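Quantities reported herein were computed from a predicted structural model and do not represent experimental measurements. Lettering follows sequence order; numbering is per chain, from 1.
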There are 2 protein chains.
Amino acid sequence: MSQTLLSGDARLPIYQRLADVLRAEVVEGRLRPGDRVPSESELCERYGLALGTVRKGLEILVAEGLFERFHGRGTFVRRPKFDSSLFRFFRFRGTAGAVTVPEGRILRRTTETVPGFIAKALAVPEGSEGISMSRIRLCDGEPVLAEEIWLPLPRFADFLSLEIGKVGDLLYPVYDAECQQLVARAEEQLTAERASEATARLLRIEPGTPVIVIDRLARGYDGTPLEWRRSRGRADQFCYQIEIR
Amino acid sequence: MSQTLLSGDARLPIYQRLADVLRAEVVEGRLRPGDRVPSESELCERYGLALGTVRKGLEILVAEGLFERFHGRGTFVRRPKFDSSLFRFFRFRGTAGAVTVPEGRILRRTTETVPGFIAKALAVPEGSEGISMSRIRLCDGEPVLAEEIWLPLPRFADFLSLEIGKVGDLLYPVYDAECQQLVARAEEQLTAERASEATARLLRIEPGTPVIVIDRLARGYDGTPLEWRRSRGRADQFCYQIEIR
DNA sequence: GAGTGGTCTAGACCACCGG
DNA sequence: CGGTGGTCTAGACCACTCG
């Protein structure tokens, strides 16, 4: 019957506990993005469950976006990649259709005291040190986004020894490779404001022009805040789409 | 076996065809929001299917947001209500937490030629007539949104005979009751711009202040465009939140 | 061909809701 | 209490992928 080798709160459904166990495998790094998850039949045997129960557990994680399934190939831990997801919000005049990752250039990298509200978001102590960066992103050589980025210390200490010019267009793979920090998801918040002098200079627009402001908090699989980022882009290039029910 | 009374492309899975059949019941108005859907066992009998197959079909429609299920009570057609969903994007200073529907006041209602790009969105012929409205929405007496609304004719002809002052804070229930037009979902598109003179006056802000612009196209269950709406709100009160993976 | 996920069945028992 | 959805099982057959 409901006899299973699964740990966890016995009041929860078995498929839920299976999902919890597998999610923990990812959170704790035993399963990494791209890895293959044990097959359905393997999980049935290992935990002494019926196929339907195992499938339901797996489907939970698919719905969460953690796993991907491929008929005939297997179940895999999904690689999150959201630089493309951010940039689907922008309409670019030149590159119609194709999603291209804009070029990224780090302009400054310093160590500073983390401002209060960012410290709060990153869940680090008030007044602690962090890495502060300024970055610009370009499409076809034209600036489209100006970014301020904060990373907590000592978690990202290894990032300081990297040559700034060698960092590519995407930061999250670098966080993974150099600092063993995997970004799994993020929350964003949108608003708009007038371009400041500094922002206007970076985006090559007139000060006072409306810009979209996107605050992003990136988190690891376990929910730990890893990076705080504020991006500003020209409103006339910005366009976000949603479907509602 | 796969013998079933279900219509539709036989290459599709049975549960998918069941979902299609039930969705059509809603689209064609035989099942209306709030109605109870036949029970699992009833559907099993009616179509000669196993329980698991029926459940999977129902779960598709739950995932689409069309149905809601309640343990012990039954399965129901969900009532879409998104005036609250729009306003969860806004942060209001006064009313912390609770989601309140802002007061809505129609300032103008006229019949005019539908502008080209709106006609396109509404899928009505270029140059046809439509209802044009101007509406303001207030929270605690303060204007938070200025709206331009277009309705296609003759679909919404009955709307013209309504007393403008008697229309409440929500339009969609009125569309349903008076024009037999049920809004099921909507698409929105966000951007920002400088407040024009007219917008600034309505929102009681300085011209040139950044405002968020939300274009919405509301559709019926069958996908027919029903209403086009452009809302403008003060950027300093606007805040849209998303989670990404 | 061996292994994977996808579909479908038939039936058991449980938990919740309402009258 | 009867009817509803929720969980779980055991097993069949199919469709896809890869070596």
Listed partners of A/Y221 passing ring pair (Phe, Tyr, Trp, His ring centres under 6.0 Å), at least two apart: none
Nucleotide D/dG5, atom P - distance to CD of B/E42 in whole Å: 10 Å
Phosphate OP1/OP2 of C/dC8 contacted by B/Y15 side-chain N/O (<4.0 Å): no
Contact under 4.0 Å: B/S39 side-chain N or O vs D/dT4 OP1/OP2: yes
Residues that B/S41 engages under side-chain contact (heavy atoms from CB on, under 4.5 Å), provided they are two or more places apart: B/S39
With A/R230 via side-chain contact (heavy atoms from CB on, under 4.5 Å) - residues at least two apart: A/F117, A/E148, A/V213, A/D215, A/W228, A/R232
Sequence-distant partners of B/R11, side-chain contact (heavy atoms from CB on, under 4.5 Å), two or more places apart: B/D9
Worked verdict on B/R23 versus B/D20 for salt bridge (Lys or Arg N to Asp or Glu O under 4.0 Å): CA-CA 5 Å; B/R23 195 187 301 102; B/D20 292 345; 3.0 Å; yes
Show me the side-chain donor-acceptor pairs of residues 149-158 of chain B shorter than 3.5 Å, one per line, residues at least two apart or across chains.
{"unit_1": "B/R155", "atom_1": "NH1", "unit_2": "B/Q181", "atom_2": "OE1", "d": "3.0"}

Whole-Å gap separating P (C/dC13) and CG (B/L51): 15 Å
Between C/dT7 (P) and B/R11 (CZ): distance, integer Å: 15 Å
Sugar-phosphate, base or nothing in reach of B/R36, heavy atoms under 4.0 Å: sugar-phosphate
Comparing A/F70 and B/L58 on DNA chain D - which has the more 5′ nearest nucleotide: B/L58
N or O in side chain of B/K56 less than 4.0 angstrom from C/dT7 OP1/OP2: yes
N/O (side chain, B/S41) to phosphate O (OP1/OP2, D/dT4) under 4.0 Å: yes
Short side-chain N/O contact to C/dC8 OP1/OP2 from B/T53, under 4.0 Å: no
Protein-nucleotide distance (B/E40, atom CD; C/dC14, atom P), rounded to Å: 18 Å
Restricting both atoms to N or O, compile the protein contacts to nucleotides 14-16 of chain D shorter than 3.5 Å, with distance only.
{"unit_1": "D/dA15", "atom_1": "N3", "unit_2": "A/H71", "atom_2": "NE2", "d": "2.8"}

Between C/dT7 (C1') and B/L12 (CG): distance, integer Å: 13 Å
B/E45 CD - C/dA10 P separation (whole Å): 13 Å
Ring center gap for A/F76 and A/F70 short of 6.0 angstrom: yes
Atom pair distance, as rounded to whole Å: CD in A/E68 and C1' in D/dT17: 16 Å
Side-chain N,O (B/T75) to OP1/OP2 (D/dT4) below 4.0 Å: no
Separation of D/dG3 C1' from B/F76 CZ (nearest whole Å): 12 Å
Given C/dG6, C/dT9, D/dG6, the nucleotide with the shortest approach to the side chain of A/R69: C/dG6
